[in-house]
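Because only heavy atoms are used, hydrogens play no part in the values below, and waters and symmetry mates are left out as well, while side chains stay in. Keep in mind that this is a model prediction, so the values were computed, not measured. Quick note: residue numbers are just sequence positions, from 1.
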Amino acid sequence: MFKIAREFYLVFQFGSDPDGLPESVIDQTGTSLTWHVKLPGLHVIAPDLRSERRWDRVMGEEGWHAFEVAMAQVDAGRVLLLSSVPGLGPRLSWVEAALNLLPNMHKYEDDLRDQWQSRAHRTEWRRFLERLAEIHRNPATPVTLLSGEIHLATRATFDTAPAPMHQLVASGISHPAPTVAYALALDVLARFGETPLPGKPIRLHPLPGKTSIYISQRNYLVLERWSGEWTVRWELEKDGSTPLLQL
């Protein structure tokens with residue numbers, strides 16, 4: 001099944017066939033489909049979090065090598081890091097435990113194991129965050145994380161020098177929103193925060209104009225750059241546009 005999914009990913013995401021990878025893919029053997037596109041004042045990097053994924057790891061050796069190559073190529077400009085699962089999130093060991101207490105929630109167990117914050121991936125998660133913090137430390141290369149997968153809208157900050165790193169999360173546009181109870185359970189646990197790297201806490205925040213950390217509506221994200229300044233807003237299916245957030 002994964003072989004077929006990979007083929008369609010290459011066709012619809014890259015516009016290529018399985019035997020011809022675009023130049024943006026760093027590992028031309030295709031073991032990892034991590035890609036990097038450099039634009040004026042902007043780097044877009046998407047580590048492949050699927051091809052080498054196992055129950056106990058997010059990326060394999062080739063994936064980590066491709067990720068490091070991409071990060072080493074970053075010079076001046078904002079870095080948009082596309083992480084298919086959120087790089088910043090709550091202490092999921094608590095969430096994973098909470099699922100056992102909530103009725104009809106076991107169907108989300110695989111989704112949680114997919115997350116960087118799962119107890120199964122904690123060492124790898126720290127490695128990922130340390131590399132992002134290293135790039136973000138240079139004022140000329142601020143990092144912003146863009147993510148999805150959890151079928152909710154939310155945002156987070158990573159308290160690292162010289163200014164907090166932002167994460168913006170939007171759901172798959174066609175995916176039905178999960179239950180409000182699920183969003184509220186995550187909301188409560190998220191308020192405890194998380195500090196995987198000492199002295200660099202992760203904090204989850206409501207969207208602009210909202211009070212709940214997680215919004216259980218179908219949504220999409222809009223980023224705009226004007227004269228070098230970046231703003232973002234969410235478009236929510238029921239509530240419409242959020243106020244602008246300055247990055």
Side-chain angles (χ1 to χ4, degrees), residues 2 5-6 9 26-27 31-35 45-71 79-100 102 105-136 143-152 154-160 165-172 178 182 185-186 189-204 213-214:
F2 181 77
R6 183 182 185 277
Y9 174 84
I26 294 169
D27 175 18
T31 302
S32 170
L33 297 177
T34 292
W35 56 267
I45 298 173
D48 181 356
L49 308 185
R50 287 295 172 194
S51 293
E52 299 176 284
R53 178 180 284 278
R54 301 293 184 269
W55 190 247
D56 59 348
R57 77 182 190 201
V58 178
M59 288 192 288
E61 182 177 342
E62 292 302 324
W64 275 106
H65 175 70
F67 174 69
E68 291 292 349
V69 169
M71 299 305 277
V79 178
L80 295 183
L81 196 292
L82 314 184
S83 178
S84 58
V85 291
L88 308 178
R91 189 172 301 179
L92 284 186
S93 57
W94 293 1
V95 179
E96 289 167 325
L99 284 185
N100 295 321
L102 297 172
M105 290 298 170
H106 290 289
K107 60 185 176 182
Y108 296 112
E109 187 174 2
D110 285 347
D111 281 347
L112 290 174
R113 178 56 72 98
D114 269 353
Q115 310 301 313
W116 282 106
Q117 299 85 35
S118 173
R119 50 192 167 187
H121 310 312
R122 196 165 184 85
T123 299
E124 201 172 4
W125 182 35
R126 289 194 185 103
R127 177 182 176 183
F128 180 68
L129 292 177
E130 285 170 350
R131 193 68 178 98
L132 295 183
E134 183 179 350
I135 298 296
H136 187 74
V143 176
T144 300
L145 280 161
L146 302 179
S147 189
E149 180 64 25
I150 61 173
H151 315 310
L152 298 160
T154 189
R155 68 184 186 95
T157 55
F158 181 32
D159 192 5
T160 185
M165 183 188 304
H166 288 271
Q167 174 180 265
L168 315 170
V169 179
S171 66
Y182 179 66
L186 290 178
L189 290 165
R191 293 180 187 275
F192 288 95
E194 175 63 298
T195 310
L197 299 182
K200 295 180 173 66
I202 291 170
R203 297 183 176 90
L204 282 91
I213 290 176
Y214 294 95

Qualifying residues under salt bridge (charged side-chain N to carboxylate O under 4.0 Å, His left out), relative to Glu134, sequence neighbours excluded: Arg131
Just to verify, what does Trp35 make a side chain to side chain donor-acceptor pair (under 3.5 Å) with, not counting sequence neighbours? none
Can you name the residues that form a side chain to side chain contact (heavy atoms under 4.5 Å, CB included) with Ser84, not counting sequence neighbours? Leu49
Residue from Thr123, Leu88, Leu129 passing side chain to side chain contact (heavy atoms under 4.5 Å, CB included) with Pro196: Leu129
Partners passing side chain to side chain donor-acceptor pair (under 3.5 Å) against Glu124 (at least two apart in sequence or in another chain): Trp64
Can you list everything that forms a side chain to side chain donor-acceptor pair (under 3.5 Å) with Thr157? Sequence neighbours excluded, please. His205
How long is the span from the OG1 atom in Thr144 to the CE atom in Met165, to the nearest 0.5 Å? 8.5 Å
Would Lys200 and Glu130 pass as an ion pair if we require N to O under 4.0 Å? no
Quick one: list whatever passes side chain to side chain contact (heavy atoms under 4.5 Å, CB included) with Arg6, sequence neighbours left out. Phe2, Leu10, Leu33
Residues in ring-ring contact (aromatic ring centres under 6.0 Å, His included) with Phe128, at least two apart? Phe67, Trp116
Is there a side-chain contact (heavy atoms from CB on, under 4.5 Å) between Gln167 and Val169? Walk through the geometry before answering. CA-CA 7 Å; Gln167 174 180 265; Val169 179; 3.6 Å; yes
Within the supplied structure, the quantity of interest is the number of heavy atoms (other residues, nucleotides, ligands) at a distance under 6.0 Å from Glu68 CD; does it exceed 12? yes
Could you pull out all residues at least two apart from Tyr214 that satisfy ring-ring contact (aromatic ring centres under 6.0 Å, His included)? none
Straight-line distance of Leu81 CG to Leu146 CG, nearest 0.5 Å: 8.0 Å
Could you report the tightest heavy-atom contact between Arg54 and His121, atom names first, then the distance? O-CE1, 4.3 Å
Kindly indicate, with the supporting measurements, whether the criterion side-chain contact (heavy atoms from CB on, under 4.5 Å) is fulfilled by Glu52 and Arg57. CA-CA 8 Å; Glu52 299 176 284; Arg57 77 182 190 201; 3.8 Å; yes
Side chain to side chain contact (heavy atoms under 4.5 Å, CB included) filter on Thr34, not counting sequence neighbours, yields Ile26, Ser32, Pro47, Asp48, Ala66
Give me the one residue out of Leu152, Thr154, Leu204, Ile213 that meets side chain to side chain contact (heavy atoms under 4.5 Å, CB included) with Leu186. Leu152
State, to 0.1 Å, how close His136 and Val143 come at their nearest heavy-atom pair, and which atoms those are. ND1-N, 2.9 Å
Measure the spacing between CZ of Arg155 and CG of Leu168 and express it to the nearest 0.5 Å. 8.5 Å
Looking at every heavy atom in both Ser147 and Ser83, which two are closest together, and how far apart are they? OG-O, 2.7 Å
Pair Asp159, Arg203 - check side-chain contact (heavy atoms from CB on, under 4.5 Å), show working. CA-CA 8 Å; Asp159 192 5; Arg203 297 183 176 90; 3.6 Å; yes
So, taking the atom named NE2 in His65 and the one named OG1 in Thr31, what distance separates them when rounded to the nearest 0.5 Å? 11.0 Å
Taking atom CG of Leu145 and atom CG of Leu80, what is their separation to the nearest 0.5 Å? 9.5 Å
Show your reasoning for whether side-chain contact (heavy atoms from CB on, under 4.5 Å) applies to Val58 and Trp125. CA-CA 9 Å; Val58 178; Trp125 182 35; over 6 Å; no
